[in-house]
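Please read the structure below before turning to the comments.
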There are 2 protein chains.
Amino acid sequence: MANISESIEQFIIATMGDNDYVEISRNSLAEYFSCAPSQINYVLDTRFTVDRGYVKESRRGGGGFIKISKIKNTDTNAYLNGLILESVGDELSAKRMLQILDKLVSDNIVTDKESVIIVTALSDDSLSMPFTIKDKIRAKAFKNILLKLMVKE
Amino acid sequence: MANISESIEQFIIATMGDNDYVEISRNSLAEYFSCAPSQINYVLDTRFTVDRGYVKESRRGGGGFIKISKIKNTDTNAYLNGLILESVGDELSAKRMLQILDKLVSDNIVTDKESVIIVTALSDDSLSMPFTIKDKIRAKAFKNILLKLMVKE
DNA sequence: TGTATTTTGACCATCTTTGACTAATGGTTA
DNA sequence: TAACCATTAGTCAAAGATGGTCAAAATACA
């Protein structure tokens, strides 16, 4: 194991074990490995990415933490992941989003009400901004939602 | 639960239990948690806010107290209407939205998952745009959602 | 040798904790 | 009753405790 980053990665994976998440303290970990705290971010950014099936949350200040969660390998998640990679892309029209949501509803992945909420939140009316960026924002937001759905279940 | 503030919050919530109010003595509580009395105010100011559905009264001097009461919503539509027309306004920070959603969840107006969806859809990350308009867009979108949450009769 | 990856550090953002100073209230005393 | 005192709570700003970002420097790799 030639570099520290790899050791840190292994350490985090080992700590997580079979659990589906782990909470770390950035500073403690950095101290443990005698490295700069920002190196922890480097490891997280390069190794614990969405592509590799991880999502992260964190809080600053006293009692702060970084929580790393594993995205479970279910059929639903595989499907959602496919959507993120292929169907959505960098831009997403309201119409296209509606089509996708209809399918998600009929597959019982989201409820009717949840669908309404998403449609409303990301409608053209809600996103009152120039057209050029509307579809970009919607794509980004919608993908974030799909991602959350993967962790939530 | 690494920080004292969170413990204090939990303690107050637990003490309140199913009652709709609780009275505390700032100094006693501070002593109990071995913290500065003003930290009690900090907890009250950051956690027991109106947005989250609490109001506070207090009196100084001998026999002084702090009373924390839950706001009960008898009429969901009226509450939502108040949010839309008065409370939310033209700009809404992610933080404040979260507090409002906390209350909506505890009032069973939205589910946990729905709350997560809304938070995600309208997070700073999803709304990747200049800060100045972020809060405006969020306010608009959030009010649109609240409107949809109103039950028709 | 040139490129990609890793390591470091300076500076930033956010949340918590502490303490000095202030304000209000009720009882006690002159 | 007025002045005073003890007992509370309130405010606010500084200090402390975390994590985030970014780019330069160092190192590894092809």
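Quick note on labels: first sequence line is chain A, next is B, and so on, each numbered from 1. Please read all numbers here as calculations on a predicted model, not as lab measurements.
Evaluation of the side chain to side chain donor-acceptor pair (under 3.5 Å) rule for B:T120 yields no partner, not counting sequence neighbours. With sequence neighbours left out, B:N144 forms a side chain to side chain donor-acceptor pair (under 3.5 Å) with A:D125, A:S126. Residues satisfying the side chain to side chain donor-acceptor pair (under 3.5 Å) test with A:T15, not counting sequence neighbours, are none. A:F65 meets the ring pair (Phe, Tyr, Trp, His ring centres under 6.0 Å) test with no other residue; sequence neighbours excluded. Applying the side chain to side chain donor-acceptor pair (under 3.5 Å) criterion to A:S25, with sequence neighbours excluded, gives A:S28. Residues passing the ring pair (Phe, Tyr, Trp, His ring centres under 6.0 Å) test with A:Y21: none are found, sequence neighbours excluded. A search for salt bridge (Lys or Arg N to Asp or Glu O under 4.0 Å) contacts involving B:D112 returns A:K152, not counting sequence neighbours.
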- Message: Working note: B:I40 + B:C35, criterion side-chain contact (heavy atoms from CB on, under 4.5 Å); need CA distance, chi angles, decisive distance, verdict.
- Response: CA-CA 8 Å; B:I40 305 301; B:C35 66; 4.2 Å; yes
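Between B:R47 and C:dT16, a side-chain N or O to OP1/OP2 separation shorter than 4.0 Å is present. In terms of phosphate contacts, B:N27 brings no side-chain nitrogen or oxygen within less than 4.0 Å of OP1 or OP2 of D:dT8. A close approach under 4.0 Å does not occur between any side-chain nitrogen or oxygen of A:S5 and OP1 or OP2 of C:dT5.
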Any protein N or O atoms within reach of nucleotides 1-3 of chain D? Criterion: under 3.5 Å, listing atom names and distances.
none

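The side chain to side chain donor-acceptor pair (under 3.5 Å) contacts involving residues 86-105 of chain B comprise B:T49-B:Q99, B:D51-B:R96, B:R52-B:D102, B:N73-B:K103, B:E91-B:K136, B:K103-B:D107, where partners must be two or more places apart or lie in separate chains.
Within the 3.5 Å criterion, the main-chain N or O of B:G89 finds a donor-acceptor partner in the side chain of B:K143.
Ion pairing of B:E114 with B:K148 is absent here, as no side-chain N (NZ or NE/NH1/NH2) approaches a carboxylate O to less than 4.0 Å.
Enclosure of atom CD in A:E31 is not indicated, since only 12 or fewer non-hydrogen atoms of other residues, nucleotides or ligands lie within 6.0 angstrom. The neighbour count for B:D45 CG, taken as heavy atoms of other residues, nucleotides or ligands under 6.0 Å away, is above 12.
Atoms CG (B:D45) and C1' (D:dA9) sit 12 Å apart, rounded to a whole Å. Put simply, CD1 on B:I8 is 17 Å from P on C:dC15, counting in whole angstrom units. In this structure, A:R26 atom CZ and C:dA13 atom P are separated by 14 Å, rounded to whole Å. When the P atom of C:dT25 is taken as reference, atom CD of B:E57 falls 13 Å away, rounded to whole Å. If you take CG of B:N3 and P of D:dT18, they are 9 Å apart, rounded to a whole angstrom. Atom C1' of nucleotide D:dT18 and atom CD1 of A:I40 are separated by 13 Å, given to the nearest angstrom. The CG-C1' distance, from B:D125 to D:dT21, rounds to 14 Å in whole Å. In this structure, CG of B:L98 is placed 14 Å from C1' of C:dC15, rounded to the nearest angstrom.
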- Message: Within the 4.0 Å limit for protein heavy atoms, which parts of nucleotides 23-30 of chain D are touched? Write it as a string from 5' to 3', B for base, S for sugar-phosphate only, - for none.
- Response: --------
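In terms of position along DNA chain C, the nucleotide closest to B:T46 lies nearer the 5' end than the nucleotide closest to the other residue of the pair B:T46 and B:P37.
Relative ring orientation between A:F11 and A:F33 is described as perpendicular, the plane-to-plane angle rising above 60° on a 0-90° scale split at 30° and 60°.
Comparing atom distances between the B:K95 side chain and each of C:dT5, C:dC15, C:dT8 picks out C:dC15 as nearest.
Near DNA chain C, meaning a heavy atom under 4.0 Å from it, residues 58-67 of chain A has A:R60, A:G61, A:G62 in order of number. Near DNA chain C, meaning a heavy atom under 4.0 Å away, there are no residues from residues 49-56 of chain B.
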